[in-house]
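In what follows, every chain begins at residue 1, and chains take the letters A, B, ... in the order their sequences are listed.
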There are 2 protein chains.
Amino acid sequence: MATSLNPTLQPQRTIDELKELRALTGNADGAQRVAWTDTWAKARAWMRDKLDQLPVEVETDEAGNVWATLRGQSEKAMLIGGHLDSVPNGGWLDGCLNVVAGLEVLRRIASEGTPPVTVRLVDWADEEGARFGRSLFGSSAASGTMNPDDLRNLTDRDGVKLVDAVARFGVDMNCVKDAGRQLKNAVAYLELHIEQGPVLESMNLPLGVVLGTFGVERHAIRFVGQSAHAGSTPMNQRRDALGAASKLHLEIREIAKRNGGVCTVGRVETKPGIVTAVVGQCDITLDQRHLNADALATMLAEAKAASERFAAEENVSQEWTRLWQIHPILFHPELIEMADEAVRETCGQVHRLPSGPLHDAAEVARAGVPTIMLFVQSLRGLSHAKEEDTKEEHLAMSVEALDRLATRTMNWLAGKG
Amino acid sequence: MATSLNPTLQPQRTIDELKELRALTGNADGAQRVAWTDTWAKARAWMRDKLDQLPVEVETDEAGNVWATLRGQSEKAMLIGGHLDSVPNGGWLDGCLNVVAGLEVLRRIASEGTPPVTVRLVDWADEEGARFGRSLFGSSAASGTMNPDDLRNLTDRDGVKLVDAVARFGVDMNCVKDAGRQLKNAVAYLELHIEQGPVLESMNLPLGVVLGTFGVERHAIRFVGQSAHAGSTPMNQRRDALGAASKLHLEIREIAKRNGGVCTVGRVETKPGIVTAVVGQCDITLDQRHLNADALATMLAEAKAASERFAAEENVSQEWTRLWQIHPILFHPELIEMADEAVRETCGQVHRLPSGPLHDAAEVARAGVPTIMLFVQSLRGLSHAKEEDTKEEHLAMSVEALDRLATRTMNWLAGKG
């Protein structure tokens with residue numbers, strides 16, 4: 001009993017199964033489990049075979065999420081969730097680590113007989129949104145935040161409509177939100193994920209506890225000056241749209257540092273965009289994230305004020321268009337403490353950090369279910385690429401920590417009566 | 001004799017003829033006299049009709065340049081040159097003002113009998129390079145700076161080879177440099193052009209004398225950092241390729257001001273170029289221009305040093321690739337003085353300025369022919385656009401000034417014996 005909470009948990013089996021799945025659904029370019037494709041269906045059939053060997057009931061809900069239920073002494077349910085779908089040419093761990101590790105935890109719990117609460121493993125449908133540009137499909141249908149009308153006209157690159165692609169998998173867009181009933185008895189949600197960032201690696205820590213997901217402000221900003229000949233226009237007579245953009249880019253990085261968040265200009269487009277012309281129009285994107293809603297609002301206000309100032313300095317106009325916005329979602333304080341203990345018990349040290357990327361966990365939390373996430377270290381912070389990787393010893397620890405967290409959570413739920 | 005040097009010069013005729021040419025070869029989108037096209041041929045046929053009414057010999061040389069020669073008492077030749085070709089959707093004056101004003105000056109000189117020196121009007125072939133991306137075609141063939149092998153594989157957007165397009169106009173790429181013989185007896189070259197910049201308008205002056213054409217350093221700069229998730233990568237762990245680019249862009253503007261030249265970043269490209277990713281690779285273009293070769297070298301050295309410093313600050317790599325380079329070309333000191341006097345006599349005031357854009361005049365000067373240019377004010381500095389315009393009273397003054405300059409130059413040449 002020295003290294004593992006329960007002798008029947010086999011973290012190495014999770015690693016082996018992840019490799020099995022990689023061989024089955026990946027190629028030289030990486031994972032190819034894009035949702036609503038045959039390869040995704042193959043991954044799900046593979047998982048179904050594994051689940052069929054356990055004393056669980058398996059069902060697919062109205063949004064295409066697959067649920068495996070191990071009945072407990074109480075109908076109250078602890079959920080463990082992830083997603084088998086990947087981006088094209090994706091990594092071998094993003095999403096499926098959660099499902100495959102959850103499978104191992106489910107095995108361990110099932111091997112001990114009827115648990116005090118019901119335990120459910122969920123494979124969310126289309127977390128990545130890689131094909132239709134709409135992420136968190138299944139979890140947002142279940143949480144109720146999805147507006148199906150926003151999705152009806154989405155098409156993929158080949159012009160196939162989302163409505164038709166999901167119908168092939170038995171999903172009727174008129175009924176997707178009926179998946180919400182799956183959360184009725186949910187009283188806790190656990191999700192393990194690779195960090196997809198460099199923080200744990202830079203601290204030399206295997207595991208972290210996630211405090212919540214960042215709130216996001218995403219904007220497109222257009223500066224319009226006057227295109228002019230690079231040779232014939234003196235410096236003091238220019239209205240250089242790129243001038244305002246360059247200043248704003250450097251300033252948003254200071255705003256992020258000052259407020260403890262992250263700010264990114266990820267795209268710059270210049271028009272006419274030729275070597276011999278002063279930039280007449282410059283379009284940039286701005287992405288700002290913070291775990292604290294007030295700090296996020298401050299970052300946005302500071303960026304807007306700076307943009308206005310720089311536009312005036314450069315004698316150009318500026319126009320902001322909001323692309324997307326989400327409030328910070330904080331995870332459950334008691335689950336954070338339990339996760340902290342589970343990680344310490346597994347590897348001695350823990351770090352608490354926010355999640356930059358969104359996850360299905362955020363949708364479950366928005367539905368009011370007490371939620372927590374564990375992060376395992378990502379090598380070089382890479383994800384959504386075939387180079388995505390995590391040391392096997394860290395993967396094994398992550399399965400152990402998830403298992404310990406599951407036990408603590410079940411005890412906590414049972415204790416609440 | 002109060003307003004014009006010679007009563008037979010009719011500047012209004014030049015304006016009328018420019019409008020005639022516009023009606024014949026333009027449309028609602030602007031001038032369409034792209035070299036090596038039927039519309040260009042139409043413009044040249046129109047000009048040929050005008051020339052046929054004068055006592056001149058007309059010939060087309062091996063590079064497609066059209067020469068109209070008025071024999072003088074000496075074989076030594078004063079050249080007046082311009083180009084009828086335009087960019088697509090171009091302005092009504094760029095290039096053709098020179099040719100049509102030169103036609104009027106030629107008429108005036110011819111009406112007075114045999115001039116002391118030979119006078120030749122040249123319509124250079126393909127100054128703009130709009131179709132094949134190679135400007136100054138005819139003048140560089142004549143000056144000898146063209147390397148025909150560099151042009152053999154150029155194609156237009158439709159895949160048509162330059163070699164074939166010019167052959168349709170009787171130009172054989174194996175013989176283009178034979179056009180150089182046209183410059184054998186040339187002892188002066190005069191060119192009138194719209195400014196294509198805002199300087200004269202900002203000083204409220206109709207006309208300017210051009211000191212020479214800027215030397216140019218044109219480079220592509222690539223910064224490579226690390227693309228990373230905009231949400232999961234803390235600010236202090238980023239290698240933001242755009243950071244170095246933004247800093248360099250702001251710095252090259254200061255370098256230009258400090259050294260009295262112009263520097264432009266005209267194009268920025270970001271990769272992966274999405275709202276949710278830190279920029280991993282950023283490509284920018286840099287264009288630097290100065291009339292003084294040492295100052296141009298200083299501007300380049302300062303930009304390179306700054307780029308290196310910023311790359312180090314941002315922990316990214318940098319790579320410079322020279323796209324093009326040309327030394328400053330200074331016009332002839334005595335012709336500058338004569339042009340100054342001709343402009344003062346025409347409108348009382350004059351300003352001397354460098355030319356940012358290159359012109360055929362630069363090629364002629366490189367061939368060792370004493371060269372001078374006059375600029376007439378451009379409204380709002382616009383060119384290469386249908387909005388390009390100049391006040392008619394300024395156009396009339398420009399014809400008068402060119403005519404006065406021609407007379408002074410002929411007297412100067414005759415005096416030199």
Go through [options] and name the one with the most non-hydrogen pairs under 4.5 angstrom from chain B.
{"options": "A:Ala277, A:Gly273, A:Pro272, A:Ser227", "result": "A:Gly273"}
{"options": "A:Val278, A:Leu250, A:Leu242", "result": "A:Leu242"}
{"options": "A:Ala245, A:Ala228, A:Cys263", "result": "A:Cys263"}
{"options": "A:Arg380, A:Arg289, A:His249", "result": "A:His249"}
{"options": "A:Ser355, A:Ser246, A:Gly197, A:Ser378", "result": "A:Ser246"}

Looking at [options], which one has more heavy-atom pairs under 4.5 Å with chain A than the rest?
{"options": "B:Gly243, B:Gly261, B:Ala256, B:Ala220", "result": "B:Gly243"}
{"options": "B:Gln196, B:Arg218, B:His219, B:Glu269", "result": "B:Arg218"}
{"options": "B:Val199, B:Asp240, B:Asn236", "result": "B:Asp240"}
{"options": "B:Thr285, B:Val279, B:Val275, B:Asp287", "result": "B:Val275"}
{"options": "B:Gly280, B:Pro357, B:Ser202", "result": "B:Pro357"}
{"options": "B:Gly266, B:Cys282, B:Gly381, B:Gly356", "result": "B:Gly266"}

From A:Leu97 atom CG to A:Glu388 atom CD, the distance as rounded to the nearest 0.5 Å: 9.5 Å

Whether over 12 other heavy atoms sit under 6.0 Å from A:Arg322 CZ: yes

Within 6.0 Å of NE2 in B:His351, more than 12 heavy atoms from elsewhere: yes

Sort [X] into side chain, backbone, both or neither according to what part of it lies under 4.5 angstrom from a heavy atom of chain B.
{"X": "A:Leu382", "answer": "side chain"}
{"X": "A:Gln288", "answer": "neither"}
{"X": "A:Ala230", "answer": "both"}
{"X": "A:Ile274", "answer": "backbone"}
{"X": "A:Arg238", "answer": "side chain"}
{"X": "A:Lys271", "answer": "neither"}
{"X": "A:Val216", "answer": "neither"}

Donor on one side chain, acceptor on other, B:Asn98 and B:His359, under 3.5 Å: no

Between B:His83 and B:Asp126, a side-chain donor and acceptor under 3.5 Å: no

Side-chain touch B:Val316/B:Gln281, heavy atoms, less than 4.5 angstrom: no

Pairwise side-chain contact, B:Glu217 with B:Met299, heavy-atom cut-off 4.5 Å (strictly under): no

Cationic N near anionic O, under 4.0 Å, B:Glu314 to A:Arg253: yes

Donor-acceptor contact below 3.5 Å, side chain A:His229 vs main chain A:Gly231: yes

Parallel, tilted or perpendicular, as decided by the 30° and 60° cut-offs, for the rings of A:Phe214 and A:His290: tilted

Nearest heavy-atom neighbours spanning B:Asn292 and B:Pro328: C-CG, 3.9 Å

